[in-house]
Chemist: 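One structure is given below, represented as structure tokens, and several questions about it will come after.
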Amino acid sequence: MNKAREIIDAYQGPKLRIMEVCGTHTHEIFRLGIRSLLPENIEVISGPGCPVCVTPVDFIDEAIYLAQEHHCTITTFGDLVRVPGTQASLAQARADGAQVKVVYSPLDSVDYAQKHPDEEVVFLSIGFETTTPADLLTIAKAQALGLTNFSLLTANKTMPGAYEAMKDSCDAFLYPGHVHTIIGTGICEKMKEEGVSGVIAGFTAKELLTAIALIVKKSQEAAPYFVNAYPRVVTDEGSPKGQAIIAKYTESVDAMWRGIGVIPGSGLALKDDYAAFDARKKYQVPAMHGHANPACRCGEILRGQIKPYECPLFGKVCTRDHPVGACMVSSEGTCAAYYLYGGQK
Ligand code: SF4
């Protein structure tokens, strides 16, 4: 770790912008105080790696529609409950009588559906390659149990499209170790061939500092680079099992990312074979045309263009207790990290 610190401290080159594309990295880098250790000419910016943050407002509106119009029971992880939709959050909808249950694992939703056969249960499935396989395995469990009262409302996304969309926003990516555990390193090699540099990082202080030091060192060489600095977990081929689950149940679709827009091929929709488990098809959910609070600047934050403290609402109107935007709601959100750990650049 000392060697990594020496490399970082000795950096005299031009401003180096490193984008961490992972909500867990965002929080670990803050929690460990790594930002405050970096010299002025090394900047870590947060990218679109918080699944709750990039989930569009329409998705919340769809969930509320299902709860209110079809009287579905919505099951979800806690963060999504407080994300504002166009008119309300799921928490507000629940206060108005909607059935919204917080679960701690996707399979809890299937258990709930089994125990409540008189309810129509819809699980909100969001996230990246890391968590998507576990969400999809709920379908296998529901099929095995013969359940017809369980479905998924999906907004799952894949990372490679985000790398393409964000590649001009930074000098190098700090690639998310969790995601590459599933998808392997092929996309990083491909990005290198396109001239985009990056290092896959783990999550401990030593792993993060080592990855940043590698970026600093390699950036002083002329060629684009890629290094897997998390080899104890990430292999070149990734997880064939995880990839097979995703390929079995889903197909690629264009996806809307909050603050970024539509990224071609970056979403996962359930295949027609599983239409009975697709809440959008099962309940013929109409197209939503929602919009976020116009004062919220999550979009610019997710593109690495501004820091949360540059949003006029940060820490005043928008706090952890009263979040205005998804980036403050989510435990992986950038605004939440600045709010919780403050005082770092
Ligand atoms: Fe949105 Fe709040 Fe972040 Fe401002 S501080 S960008 S309002 S989440």
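All ligand and atom numbering here is 1-based and tracks the order in the structure.
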Chemist: Can you name the atoms of ligand 1, numbered from 1 with element, that are less than 4.0 Å from a heavy atom of G325?
Modeler: 8 (S)
Chemist: Just heavy atoms, cut-off under 4.0 Å: does V329 contact ligand 1 by side chain, backbone, both, or neither?
Modeler: neither
Chemist: I need the atoms of ligand 1 closer than 4.0 Å to a non-hydrogen atom of C335, numbered in the order shown.
Modeler: 3 (Fe), 5 (S), 6 (S), 8 (S)
Chemist: Applying a strict 4.0 Å limit to heavy atoms, is C298 in contact with ligand 1?
Modeler: yes
Chemist: Are the side chain of Q220 and the backbone N or O of V216 linked by a donor-acceptor pair below 3.5 Å?
Modeler: yes
Chemist: Can a donor-acceptor pair be found, under 3.5 Å and without considering hydrogens, that links the side chain of T204 to the backbone of E207?
Modeler: yes
Chemist: In ligand 1, which numbered atoms sit nearer than 4.0 Å to a non-hydrogen atom of M328?
Modeler: 8 (S)
Chemist: Taking the side chain as C-beta and beyond, is there a heavy-atom pair between Y175 and F226 under 4.5 Å?
Modeler: yes
Chemist: Classify the ring geometry between Y274 and Y249 as parallel (under 30°), tilted (30 to 60°) or perpendicular (over 60°).
Modeler: tilted
Chemist: Quick test: of every protein heavy atom, which one is nearest to atom 4 (Fe) of ligand 1, and how far off is it to 0.1 Å?
Modeler: C311 SG, 2.3 Å
Chemist: If the cut-off is 2.8 Å, does any N/O/S atom of C318 fall short of it from atom 1 (Fe) of ligand 1?
Modeler: no
Chemist: Does any part of the side chain of L340, heavy atoms only, come nearer than 4.5 Å to the side chain of H27, both counted from C-beta?
Modeler: yes
Chemist: Around atom 1 (Fe) of ligand 1, find the nearest protein heavy atom and jot down its residue, atom name and distance.
Modeler: C296 SG, 2.4 Å
Chemist: With side chains defined as the heavy atoms from C-beta onward, is the minimum distance between I45 and C170 less than 4.5 Å?
Modeler: yes
Chemist: For V199 and A211, work out which heavy atoms get closest and say how close.
Modeler: CG1-CB, 3.8 Å
Chemist: What are the atoms of ligand 1, with element, lying closer than 4.0 Å to any heavy atom of R297?
Modeler: 1 (Fe), 6 (S)
